[in-house]
Amino acid sequence: MADARTPILVGPTGVGKTAIALALAAHWPIEVISADSRQIYRGLDIATAKATRKERDRVPHHLVDVVRPGERYSAGRFALDAAAAIEGVRAAGKLPVVVGGTGLYVRALVDGLFAEPTIDPRAREALAHAIDRMDNATLVRWAGRLDRGYRGEGGRHRAARAIEIALLTGQPLSWWQAAAKAQGVVTPWTVRLTAPRHLLHQRILARTTAMLERGLLEEVAAALADGAPVEGPGMDGIGVREAVAVLQGRLPRDLLVSSIATATRQYAKRQETWFRHQLRGDVLVLDATRSPEQLAATIAAAWEQQRS
RNA sequence: GGUGGGGUGGCCGAGUGGCUAAUGGCAGCAGACUGUAAAUCUGCCGGGCUACGCCCUACGUAGGUUCGAAUCCUACCCCCACCA
């Protein structure tokens, strides 16, 4: 069983990953391992387009609703959690299928990240605080001084990461990346779903409109009332931040749908770029224009073929 | 009907005689990406080329002034505000 391949379904938001995974259940006894950095958070079901309760009753989903909004989560933690979940599903005699749009999470699971040493969360938070007050140029310069392997790319976010690692572990990030190579925990069988851009845009708009009808604003208002930190992780997803802006009067209500749709389109585009270039090994590329049932049948057939 | 303001590249919006295919922003396209990744960044962005250069088309429309106009003049069309 150690060499068993694990089906992985990736693709941009709106291609229909969820529907296809559910349709796949007609072919295999599957359980879904979600690789989605926002569905990890509890609540905000509409905003993050989670599979419904009913759907999840029919096909169990793992790594959905695991932390509360405001709590820090990471790709590394995902790799660990997902590996455990996959193990569990296998032990129960079912087939785990990884489904998700967060490329880095999939990479963490398949290729492994470097073995990051334990970092004191309090020191990390204090440093993050100091970093927040510095401008981009300062951060980039600082990161360059601390880590000669740092290329100055990726802006403040990645500069901050380089600084954090160098300061808190005593070794630069590039050193860890080279010296502490990790192993992936699954052998992937990857299906990359894609769709013509105009179709994707169309689906995104329809889906955004539907989100509002299902009560996106109410959902976000409830999360805020519940004490979810506006700035915290989990509350920064597309749809959520725009809804918060409307609730706080910073964005006119009638611009809500278009703002969310635009941000979603841009995200979908970034995902397409990531999956087009960053996936390693054999990848089955499928145009998701057809129905979920047809696609599931194609995927099931291809899976059978690669097994023999 | 009168007076004033305005019509700029897909959109918004600078520019008031040459250095302007035209600052910016948005949208779009392409790309980067090892632990906040729904993040964070980079490039391109009127069209066509035998492309470190050349050609064409472009600042409401039509004329005009000038060596030279998005920028000045005239007429017309449209929009907005106020007055009637």
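Remember, predicted model here, so these are calculated numbers, not experimental data. Residue numbers start from 1 in every chain, and the chains themselves are labelled A, B, ... in the order their sequence lines are given, proteins ahead of strands.
Checking B:U65 for Watson-Crick or G-U wobble geometry (two distances, each under 3.5 Å) identifies no partner in any strand. Of the nucleotides present, B:U3 is the one that pairs with B:A81 by Watson-Crick or G-U wobble criteria, both distances under 3.5 Å. Across the strands present, B:C29 finds its partner in B:G43; the criterion is a Watson-Crick or G-U wobble pair with both atom distances under 3.5 angstrom. Pair assignment for B:G53: B:C49, on the basis of Watson-Crick or G-U wobble contacts that are both within less than 3.5 Å. When Watson-Crick and G-U wobble pairs are counted only if both distances are under 3.5 Å, B:A22 pairs with no nucleotide at all.
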For the pair A:D236 and A:R241, evaluate salt bridge (charged side-chain N to carboxylate O under 4.0 Å, His left out) and give the outcome as yes or no after the intermediate values.
-> CA-CA 6 Å; A:D236 55 354; A:R241 52 187 192 225; over 6 Å; no

Worked verdict on A:E213 versus A:R207 for salt bridge (charged side-chain N to carboxylate O under 4.0 Å, His left out) | CA-CA 10 Å; A:E213 279 162 10; A:R207 182 200 225 244; over 6 Å; no

Evaluate the salt bridge (charged side-chain N to carboxylate O under 4.0 Å, His left out) criterion for residues A:R156 and A:D135: first the C-alpha distance (whole Å), next the side-chain angles of each, then the deciding distance (0.1 Å), finally the verdict.
-> CA-CA 8 Å; A:R156 74 177 291 113; A:D135 62 84; over 6 Å; no

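As rounded to whole Å, 9 Å separates atom P of B:U34 from atom CG of A:L113. Between the CZ atom of A:F275 and the C1' atom of B:A38 there is a distance of 12 Å, given to the nearest Å. A:K181 places its NZ atom 13 Å from the P atom of B:U34, with the value rounded to the nearest Å. One interatomic measurement links the two molecules: CD1 of A:I204 to P of B:A38, which rounds to 14 Å at whole-angstrom precision. Per the geometry, OH belonging to A:Y150 stands 13 Å off C1' belonging to B:A32, to the nearest Å. Atom CE of A:M235 is separated from atom P of B:A38 by 17 Å (rounded to the nearest Å). Rounded to a whole Å, the NZ atom of A:K269 is 7 Å from the P atom of B:G31. Put simply, NE2 on A:H201 is 11 Å from C1' on B:A27, counting in whole angstrom units.
Taking only side-chain nitrogens and oxygens, A:R197 comes nearer than 4.0 Å to OP1 or OP2 of B:C29. Phosphate proximity of B:C33 to A:H277: absent, as no side-chain N or O sits under 4.0 Å from OP1 or OP2.
For the pair A:E55 (side chain) and A:T52 (backbone), a donor-acceptor distance under 3.5 Å is present. In this structure a side-chain-to-backbone donor-acceptor pair under 3.5 Å is missing from A:T138 to A:M134. No donor-acceptor pair closer than 3.5 Å links the side chain of A:R68 to the backbone N or O of A:Y41. A donor-acceptor pair under 3.5 Å links the side-chain atoms of A:R203 to the main chain of A:V15, judged by distance alone. Remark: side-chain polar atoms of A:R290 are not paired, donor with acceptor, to backbone N or O of A:L295 under 3.5 angstrom.
There is a side-chain donor-acceptor pair under 3.5 Å between A:Y73 and A:D81. No side-chain donor from either of A:T102 and A:D36 sits under 3.5 Å from a side-chain acceptor of the other. Judged by distance alone, the side chains of A:W189 and A:T6 never bring a donor and an acceptor atom under 3.5 Å apart.
Separating the P atom of B:G9 from that of B:G4 is a span of 27 Å, rounded to the nearest Å. When the C1' atom is compared between B:C76 and B:G7, the two are found 14 Å apart, to the nearest whole Å. Annotation: B:G5 and B:C54 have their C1' atoms spaced 42 Å apart (nearest Å). Atom name C1', nucleotides B:G28 and B:C82: the rounded distance is 40 Å, in whole Å. Comparing B:C79 with B:A84, their P atoms sit 22 Å apart, to the nearest whole Å. B:A37 and B:G46: their P atoms are spaced 36 Å apart (whole Å). One C1' atom belongs to B:A62, the other to B:G48, and the distance between them is 28 Å to the nearest Å. Nucleotides B:C19 and B:A70 place their C1' atoms 16 Å apart, quoted to the nearest Å.
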N/O contacts under 3.5 Å, protein versus nucleotides 40-44 of chain B?
from, atom 1, to, atom 2, distance (Å)
B:U40, O2', A:G154, O, 2.3
B:U40, O2', A:H157, N, 3.4
B:C41, O2', A:G154, N, 3.4

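Near RNA chain B, meaning a heavy atom under 4.0 Å from it, residues 252-267 of chain A has A:T262, A:R265, A:Q266, A:Y267 in order of number. Within residues 32-47 of chain A, the residues that have a heavy atom under 4.0 Å from RNA chain B are, in order of number, A:D36, A:S37, A:R38, A:A47.
Classification of B:C52 as syn follows from a glycosidic angle within 90° of 0.
Between B:A39, B:A37, B:A32, one nucleotide has an atom nearer to the side chain of A:I238 than all others, and that is B:A39.
Take the nearest nucleotide of RNA chain B for A:E116 and for A:R276: the residue whose nucleotide is more 5' is A:R276.
Note that CG of A:L256 and CD of A:E242 are 7.5 Å apart. Values are rounded to the nearest 0.5 Å.
Taking 4.5 Å as the limit, some side-chain heavy atom of A:S258 sits within range of a side-chain heavy atom of A:L255. Counting only heavy atoms from C-beta outward, the side chains of A:Q271 and A:T13 approach each other to under 4.5 Å.
Within 4.0 Å of A:G101, counting heavy atoms only, lie sugar-phosphate atoms of the nucleic acid but no base atom. No contact: A:A180 has no heavy atom under 4.0 Å from any strand.
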